[in-house]
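What follows is one structure encoded as structure tokens, with my remarks underneath.
Every chain is numbered from 1, with letters handed out A, B, ... down the list of sequences.
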2 protein chains.
Amino acid sequence: MSASAEKVDVFQAIADPTRREVLRLLAEKELPISAITSHFPISRTAVVKHLHILADADLVTGHKVGREKIYRLHPGPLTEVKQWLSFYEQFWNNKLSMLKHLVETDGDTALTVVQSEPDQKRK
Amino acid sequence: MSASAEKVDVFQAIADPTRREVLRLLAEKELPISAITSHFPISRTAVVKHLHILADADLVTGHKVGREKIYRLHPGPLTEVKQWLSFYEQFWNNKLSMLKHLVETDGDTALTVVQSEPDQKRK
DNA sequence: ATGATATAACACCATTTGGTTTTATGTAAA
DNA sequence: TTTACATAAAACCAAATGGTGTTATATCAT
């Protein structure tokens, strides 16, 4: 596996569009570095750096086969993002949004204005 | 930065832990800048920069009330992240993962692939 | 009007990031 | 064995990032 336990935050890892594109490529099938590089206008070295970051976030794993290093998608850590998102889903799924959250967690609380209609008229 | 619509990528916006914490705070209730700042060890100026980035990603909105600027959560753009994630859920839900994906890409999966690729022939 | 408060706008700085090129090493094939 | 291929490692660079402090402006409370 990834020997360098640099522990990159998964949110940080997926922040870069190139890295997201790498993940999408690997979702189809595992690929050696050179094959991945051929999909981008940047140098092979740059792609390797992205792969290292993805590996440090445990989103990909690489194994050597002959002289090639094959990278494979390892989507597990994305569950962290999903969990994070699930907290906010309540805010766009039902309009009661924050009210509901507050009620369930805190009792009555002082509910100061909740995300409602932009009724403000400015000039 | 910038004050105008710089159109910050939502993935980029949520990459920073401080900004995620700001979102969590605003999920409870809308807050003025000073109240937000009091939750962090960093300067008010730094917090404002984070707020600008979040606003450029359309994840928060700010409106002035008297001398205060009140920031409010606007979770809509997070749907983009959710859609992106939904593509990968199939890979951790069933272990057949990529194989299955390739085989039944025309079924009911309704994968909302965000970007199309310059599709290369594979046999 | 005065003073305190809340934000805005700058200028500046250190570190990180995303990229390059160069050099070296291991492996496959001729 | 020699040559070509695939990766690794290192030095370097410009720009973005996350932070600071200072100064200015608008608003609220005396």
| query | What string of B, S and - do you get for nucleotides 3-8 of chain C, 5' to 3', if B is base contact, S is sugar-phosphate-only contact and - is no contact with any protein heavy atom under 4.0 Å? | reply | -BBSBS

| query | Taking only N and O in the side chain of B:Gln12, is any of them less than 4.0 Å away from OP1 or OP2 of D:dA16? | reply | no

| message | Test of understanding: with side chain to side chain contact (heavy atoms under 4.5 Å, CB included), list the residues that count as partners of B:Arg67, not counting sequence neighbours. | response | none

| request: With DNA chain C as reference, determine whether A:Thr18 or A:Val65 sits nearer its 5' end, using the nearest nucleotide of each. | output: A:Thr18

| request: Would you kindly give the CG-to-P distance between A:Asp9 and D:dT17, to the nearest whole Å? | output: 16 Å

| field | Residues which pass side chain to side chain contact (heavy atoms under 4.5 Å, CB included) with A:Ser43, listed by chain and number, not counting sequence neighbours | value | A:Thr45, A:Ala46

| task | Please report, rounded to the nearest Å, how far the P atom of D:dT7 is from the CG atom of A:Leu31. | result | 11 Å

| field | Euclidean distance, atom CD1 of residue B:Ile42 to atom C1' of D:dG21 [Å, nearest integer] | value | 15 Å

| query | Got a sec, which pairs hit ring pair (Phe, Tyr, Trp, His ring centres under 6.0 Å) with one end in residues 6-35 of chain B, sequence neighbours left out? | reply | B:Phe11-B:Trp84

| message | Going by the rule side-chain hydrogen bond (donor to acceptor under 3.5 Å, both in side chains), which residues pair with A:Asp9 if we only count those two or more places apart in sequence or in a different chain? | response | B:Arg20

| Once you round it to whole Å, what is the distance between C1' of C:dT20 and NE2 of A:His50? | 12 Å

| request: Would you mind reading off the distance between A:Ile36 atom CD1 and D:dA6 atom C1', rounded to a whole angstrom? | output: 13 Å

| field | With A:Glu80 via side-chain hydrogen bond (donor to acceptor under 3.5 Å, both in side chains) - residues at least two apart | value | none

| task | State the CG-CD1 distance between A:Asp16 and A:Ile53, to the nearest 0.5 angstrom. | result | 7.5 Å

